[in-house]
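Scroll down for the structure; my scribbles are underneath it.
Given the structure is predicted, the values throughout are model-derived calculations rather than measurements.
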Amino acid sequence: MNRKERTIFVTIIINALLIVFKFGLASASGSEALQASAVHSVTDAAIGVLVLVGLLIARWDSSRPAVKQRFSQIENWIALLVALAIFYVAYDIVVEVMGGETSELRNLGVITIASLITVAAAYFIARYKLYVGRQTQSPALLASGAHSQMDIYAAVVVVIGLAGSALGLPNLDRAAAAIVVVFIVFSGYEIAVSAINGLRKREVLDIDGEAGHLHTLT
C-alpha cells in the first residue's frame, strides 16, 4: 500500500471502532440520534472501502486492461447495491422516527459527555485525510477529507440533541436523528451517482475524484 491507501485504510479501522462505540452508546441511552449516527458511520466506512478499492484498481497493471475493467464494473455494481441498502436504512430510520413511539432516554448525562469522543474522532479523521491529501496532492483524499468534515457537523448535532434531551427536551433527540438521516441520504446519493457514472462510462468507480477532479457529482 502507498501512503494514500494506508491513510484510507487507517480511517476505515477508526470508523469501524467508532461504529461499535456509537451503537453501544445508542443501546445504553435509547437515543435515536446516536443510532442514526452509527448508521452514518457505517456509510462512511463503506465509502472508505470503495475509495480504497478504487485506488487499488486505478493503479492495476496497465498490461491487463481487460481484467482491470472487469473488476471496475464489479465494483460499480457493488457500490450501487451499497447505495440502495443505504437508502433502505435511511427510510427505515425515518419510519421509526416519524411513526414509532418516543424511546425512553437513559443515562443522558454520561452518554452526552461520552459522545464528545465521536466529535473528536470525526475531527481527527477529517484532518488526517486533508493533511495527507495535501502532502500527496491527492484529489481523492482532499475530497474525502471534505466529506468527513460533514461527519463533524453530524456528530455535533447528535451531541446537541442529547444535551437538549438531558435538559428536558426529548424531542431534540428525534430532531437530531432526522438531520443525521439527511447526511445518510447524501452519502448514498454520492455512491449511487458515482456508480451509475462508472457503469455508463465503463470506468473505475470515482467517488472522491482521484481521476483529476474533486468530485464526480459536479
Side-chain angles (χ1 to χ4, degrees), residues 11-12 14-51 79-106 108 111-112 114-123 125-126 143-167 169-196 207-208 215 217:
T11 57
I12 290 171
I14 295 173
N15 255 323
L17 296 174
L18 199 57
I19 291 165
V20 175
F21 183 63
K22 286 181 177 180
F23 273 121
L25 292 180
S27 177
S29 64
S31 168
E32 293 173 335
L34 273 171
Q35 184 177 354
S37 183
V39 172
H40 186 227
S41 290
V42 172
T43 69
D44 294 336
I47 288 175
V49 170
L50 292 170
V51 170
L80 191 56
L81 291 174
V82 169
L84 292 175
I86 289 172
F87 290 139
Y88 175 78
V89 170
Y91 169 76
D92 193 52
I93 293 174
V94 169
V95 170
E96 184 176 343
V97 169
M98 299 296 292
E101 296 182 1
T102 304
S103 302
E104 181 182 352
L105 300 175
R106 309 175 299 276
L108 286 178
I111 297 298
T112 301
S115 294
L116 293 173
I117 296 174
T118 67
V119 179
Y123 178 82
I125 290 172
S144 187
H147 179 275
S148 293
Q149 286 183 314
M150 292 194 300
D151 304 341
I152 303 173
Y153 308 141
V156 169
V157 166
V158 171
V159 171
I160 292 173
L162 289 170
S165 298
L167 294 174
L169 300 170
N171 286 334
L172 277 184
D173 183 70
R174 282 200 158 187
I179 293 172
V180 174
V181 167
V182 174
F183 287 99
I184 294 172
V185 170
F186 180 74
S187 296
Y189 175 76
E190 285 185 304
I191 296 174
V193 173
S194 298
I196 291 170
I207 294 176
D208 281 323
H215 218 283
L217 301 182

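- Taking CZ of F183 as the start and CG of D44 as the end, the distance is 10.5 Å to the nearest 0.5 Å.
- Side chains of D173 and S165: a donor-acceptor N/O pair is absent below 3.5 angstrom, by distance only.
- In this structure, the side chain of R106 engages the main chain of S27 through a donor-acceptor pair within 3.5 Å.
- Residues passing the side-chain hydrogen bond (donor to acceptor under 3.5 Å, both in side chains) test with S148 are K129, sequence neighbours excluded.
- Contact between I111 and A28 at its shortest, heavy atoms only, is CD1-CB, 4.0 Å.
- Of the inter-residue distances, the one linking F21 atom CZ with I14 atom CD1 reads 14.0 Å to the nearest 0.5 angstrom.
- Between S37 and T118, the closest side-chain pair of non-hydrogen atoms is not below 4.5 Å.
- Nearest heavy atoms, L34 versus S115: CD2-OG, 3.8 Å.
- Across G145 and A126, no two heavy atoms sit closer than the pair O-CB, 3.8 Å.
- Y91 OH to I184 CD1: the interatomic distance, rounded to the nearest 0.5 Å, is 15.5 Å.
- Nearest heavy atom pair, residue A176 against residue A33, reads CB-CB, 3.7 Å.
- At least one donor-acceptor pair under 3.5 Å links the side chain of S29 to the backbone N or O of L25.
- Interatomic distance, T112 OG1 to L105 CG, rounded to the nearest 0.5 Å: 9.5 Å.
- Under the side-chain hydrogen bond (donor to acceptor under 3.5 Å, both in side chains) criterion, S41 pairs with K22, not counting sequence neighbours.
- Rounding to the nearest 0.5 angstrom, the gap separating the OH atom in Y153 from the CD1 atom in I179 is 14.5 Å.
- In this structure, D151 and I125 have side chains that are not in contact, with every pair of non-hydrogen atoms separated by 4.5 Å or more.
- Closest of all the heavy-atom pairs between L162 and S31 is CD2-OG, 3.6 Å.
- Heavy-atom minimum distance, I12 versus V49: CD1-N, 3.6 Å.
- Distance alone, capped at 3.5 Å, is enough to place a donor-acceptor pair between the T43 side chain and the H40 backbone.
- Heavy-atom neighbours of Y123 OH from other residues, nucleotides or ligands within 6.0 Å: at or below the threshold of 12.
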